[in-house]
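By convention in this document, chain letters (A, B, ...) are assigned in the order of the sequence lines, proteins followed by strands, and residues within each chain are numbered from 1.
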Number of protein chains: 4
Amino acid sequence: MYRSIQSQEWKDDAVADDEAKVKTRRGRADGEISRGRILDAATEIAAERGYEGTSISAVRAKCGLPSSSIYWHFKDKDALLAAVIERSFTTWLSAWELPDEGSPIERAESLAVQTAKAVLDSPDFLRLGLMLALERRPVEPQARARFLEVRDEAQRLFGEGLLSMVPGLSQAQLRELTTYALAGSDGLFIAKEIGGDSVDLVALLTVHARAVIDHAARMLAEGAEDSAS
Amino acid sequence: MYRSIQSQEWKDDAVADDEAKVKTRRGRADGEISRGRILDAATEIAAERGYEGTSISAVRAKCGLPSSSIYWHFKDKDALLAAVIERSFTTWLSAWELPDEGSPIERAESLAVQTAKAVLDSPDFLRLGLMLALERRPVEPQARARFLEVRDEAQRLFGEGLLSMVPGLSQAQLRELTTYALAGSDGLFIAKEIGGDSVDLVALLTVHARAVIDHAARMLAEGAEDSAS
Amino acid sequence: MYRSIQSQEWKDDAVADDEAKVKTRRGRADGEISRGRILDAATEIAAERGYEGTSISAVRAKCGLPSSSIYWHFKDKDALLAAVIERSFTTWLSAWELPDEGSPIERAESLAVQTAKAVLDSPDFLRLGLMLALERRPVEPQARARFLEVRDEAQRLFGEGLLSMVPGLSQAQLRELTTYALAGSDGLFIAKEIGGDSVDLVALLTVHARAVIDHAARMLAEGAEDSAS
Amino acid sequence: MYRSIQSQEWKDDAVADDEAKVKTRRGRADGEISRGRILDAATEIAAERGYEGTSISAVRAKCGLPSSSIYWHFKDKDALLAAVIERSFTTWLSAWELPDEGSPIERAESLAVQTAKAVLDSPDFLRLGLMLALERRPVEPQARARFLEVRDEAQRLFGEGLLSMVPGLSQAQLRELTTYALAGSDGLFIAKEIGGDSVDLVALLTVHARAVIDHAARMLAEGAEDSAS
DNA sequence: AATGAATGAGGATTCATTCAT
DNA sequence: AATGAATGAATCCTCATTCAT
């Protein structure tokens, strides 16, 4: 049944490159594999073009499966993008390792370098996530909600790590500190996206790590003063 | 002919409540007014939904003018969004005033407060701009290019201000410093967008201002060391 | 721009017959005319295939206007079909003339003949309407609601006519009588649809007219008895 | 592998509540049971939405069996709906019992009451059947053909019953009489569907029964006259 | 007897845009 | 300066159906 391949050649135009990669030719293609291919394609496109910009037909062209197969695996576009977030986050998280020795500054710098690496290695997660986070459409997509959830989870985990470096912080202080830390990382990611090679991400994240630690120290000092008076 | 009344009523239904069509009925409607109404609508929608999410017909529905009128005022969607960026930036810039007295820290803190104000007062410019900045579509929209230009311009201006506070910085150092400063502001804007009332933007931007000044001081110190050795 | 005609030739297949009838060639085609052509096509198709069976693309093929033009004139498929009902009813109603002389039986028979004529001349209205009436989908279409409304209006008008023939009926009796009268007409319409030429609609409707009048007489007699006792 | 649980859950979501999947898990599920569940679901949906409105996937969602299983039991959608008609008709027929004593009027009234009961108890058969009967699509579905057949059979049977009450009618007269009788029943069914509780089906069918008997009497009288002259 | 996966065709609807007036 | 009408391409998603297991 090669006509099916032929008959759509024209559809792809600019994206034909990826077409018909793996297809186990008509049948019994393992569902998990297909699901994975769809997610790969969707991740790539969504990270480039955002939620609205990710058309099912672009995903189809990139993964080689017909749109209807995409809908067999995912309820709708929203569910697909939520799954993209889900999977990217898992990958993303696994790239991390909390350093457990060295001075606070050293540890923070290690985290900075890890962040830089994670960001540079797989920028898709953050790029898509931040785009989703910025959107404010009337009916919030599941995908956005899921990103905010996993982001929150990440912030919590990061807070725990920070607490082991700089003990004595209250919950509120920890929240403020991690918010500031993440903000720096988000902002620097954007700067890198805009500035490209002219931005030294490792250096800037290191600067930021120091700023975070400095602020933590200042917080503790103030706290000590308060309780001394 | 009651039908003619009925027949197209539905077109703006969902938004009919919005902005009672001001049209100077039967006289030549003032072009500038129409243009303004279109830009208002487009700004609001684009800041909520990004580039792809901004459909001409959504703009039509919000501003009450027919699509063809939008095309009379703007060449195409891209030009419309570029104009949105343009106008928003002007508004945005006018909110700023470089402080010219006080210690560097004091001046930096004043800037931090101004930034917080600008961000809270008209978040549309940044929200849309950052969405555009994050996108990576094959053919770059004018709107995105324009945002990057005005952002660069802003960064230059900000650099000048910074130099007057902390003289002696090299061009490269200044670039690094302003990149870091802007990154913090971008990241904190996003944190505020996500966290809402639980995020104290003024406080965090103040923290960041101090971090920037600290880093500038450190740079100068290192520079001095270098030239001393 | 003849390519547009060519380029879709294949789409129509079985329905190409009607294509490209009137089109004032690219521009300034009067809106009312187009609207009418769409309604004509939709009426014909809907009367054959019912609500779900009426695809926009079948309407497009029959009226020669692209789907997007159909959506310019009608909000959605539902509104289109509601408009079909609306217009058909107007036509339908105008075919009637209440007889004002002769005995009740004669007048009723005149109405029977008129009904037969209306049904045979333009069966579209009733066929579509009854299909809609029978449907029970979870979210009721506007089109169905509109049919029920106009049907109710018709029943009321018919009741008035009946009252002038057989005065003295109570409102409840009138309602029962018209319900029965309409039911016979609906049922006989269906019988005619099924049986084709083997069903003599005029004869059967005449039989029914007599049955209605007989029942009315019986009602009055009972009423008289009741008040006498 | 928590994902596998998540991944397709949504498929019947909207109806998950419905009919807890009875499947005799892990043992050979009894084919007849599955077939029955499919027919139940299809009957319900088809009676609500008609032929086109009955999608295989709606049936799948309601009966809990995958679409491919539906195709294992039925050749295609058309065969499924024909089977629905078949089964519903059997149920329907079994509800009838020809009265064999009493005056013609009494017997006719007994039939009227039985009809009312049948209609009120299982309206699905008639509702779907009438929808099918009204449709006029280019390629007639088996399901419609089957309905017309069983309806014809029913009309014949009813004719026989009528003949035993009112002997002496010619075949042609019998045909006319049963056509009128059925038309009344169809029409009153529709009236009941539209009017709900405001329509007293038993009363109206009784009125109709009398009308039918009256007409039969008139026919016989005319026939006698004719042959007398 | 049953089902997970796939698939091409077609569904309704919206898109950005144009053009005659 | 503005707009009613139109339009081809694209949108998301559902359709009926098939096939290997």
Nucleotide nearest A/L65 (side chain, heavy atoms from C-beta), chosen from E/dT7, E/dT17, F/dT3 = E/dT7
Counting Watson-Crick and G-U wobble pairs only, both distances under 3.5 Å, name the nucleotide matched with F/dG8, or none.
-> E/dC15
Nearest whole angstrom, please: distance from the C1' of E/dG10 to the CZ of A/R60.
-> 15 Å
Between E/dT7 (C1') and D/Y71 (OH): distance, integer Å | 13 Å
Determine: side-chain N/O of D/H73 to OP1/OP2 of E/dA2, distance under 4.0 Å, yes or no.
-> yes
Which residue, A/K77 or D/D76, contacts DNA chain F at a nucleotide closer to its 5' end, judged by nearest heavy atom?
-> A/K77
With a non-hydrogen cut-off below 4.0 angstrom, is B/S68 in contact with a base, only sugar-phosphate, or nothing?
-> base
Specify the separation, in whole Å, of atom CD1 of D/I70 and atom P of F/dC15.
-> 12 Å
By nearest-heavy-atom nucleotide on DNA chain F, the more 5' of D/S67 and B/S67 is B/S67
Looking only at side-chain atoms of C/P66, point me to the closest of E/dT17, F/dT7, F/dT17.
-> F/dT7
Of all the choices, E/dT13, E/dT3, F/dC13, which nucleotide is nearest to the side chain of D/W72 once you look at every atom?
-> E/dT3
State plainly whether the residues B/E135 and B/R144 are in salt-bridge range, i.e. N to O under 4.0 Å.
-> no
Nearest whole angstrom, please: distance from the C1' of F/dT11 to the CD of B/E52.
-> 11 Å
Would you kindly give the CZ-to-P distance between A/R37 and E/dA5, to the nearest whole Å?
-> 14 Å
Respond yes when some side-chain nitrogen or oxygen of D/S69 is under 4.0 Å from OP1 or OP2 of E/dT3, and no when none is.
-> yes
Rounded to whole angstrom units, what separation is found between the CD1 atom of D/I38 and the C1' atom of F/dT17?
-> 15 Å
C/R60 side, atom CZ; C/I70 side, atom CD1 - distance, nearest 0.5 Å | 8.0 Å
Looking only at side-chain N and O atoms, does A/S34 come under 4.0 Å of OP1 or OP2 in E/dA6?
-> yes
Roughly how many Å is it from CG in A/D30 to P in F/dT21, rounded to a whole number?
-> 12 Å
Please give, in whole Å, the distance from E/dT17 C1' to B/D78 CG?
-> 14 Å
Counting only side-chain N and O atoms of D/S55, is one of them less than 4.0 Å from OP1 or OP2 of F/dC15?
-> yes
Please, which pairs that meet side-chain hydrogen bond (donor to acceptor under 3.5 Å, both in side chains) have at least one residue in residues 72-82 of chain B, sequence neighbours excluded?
-> B/Y51-B/D78
Does E/dA1 have a Watson-Crick or wobble partner in any strand here, with both distances under 3.5 angstrom, and which is it?
-> none
Using a strict cut-off of less than 4.0 Å between a Lys/Arg side-chain nitrogen and an Asp/Glu carboxylate oxygen, indicate whether A/R37 and A/D30 qualify as a salt bridge.
-> no
Can D/E44 and D/K62 be counted as an ion pair, charged N to O under 4.0 angstrom?
-> yes
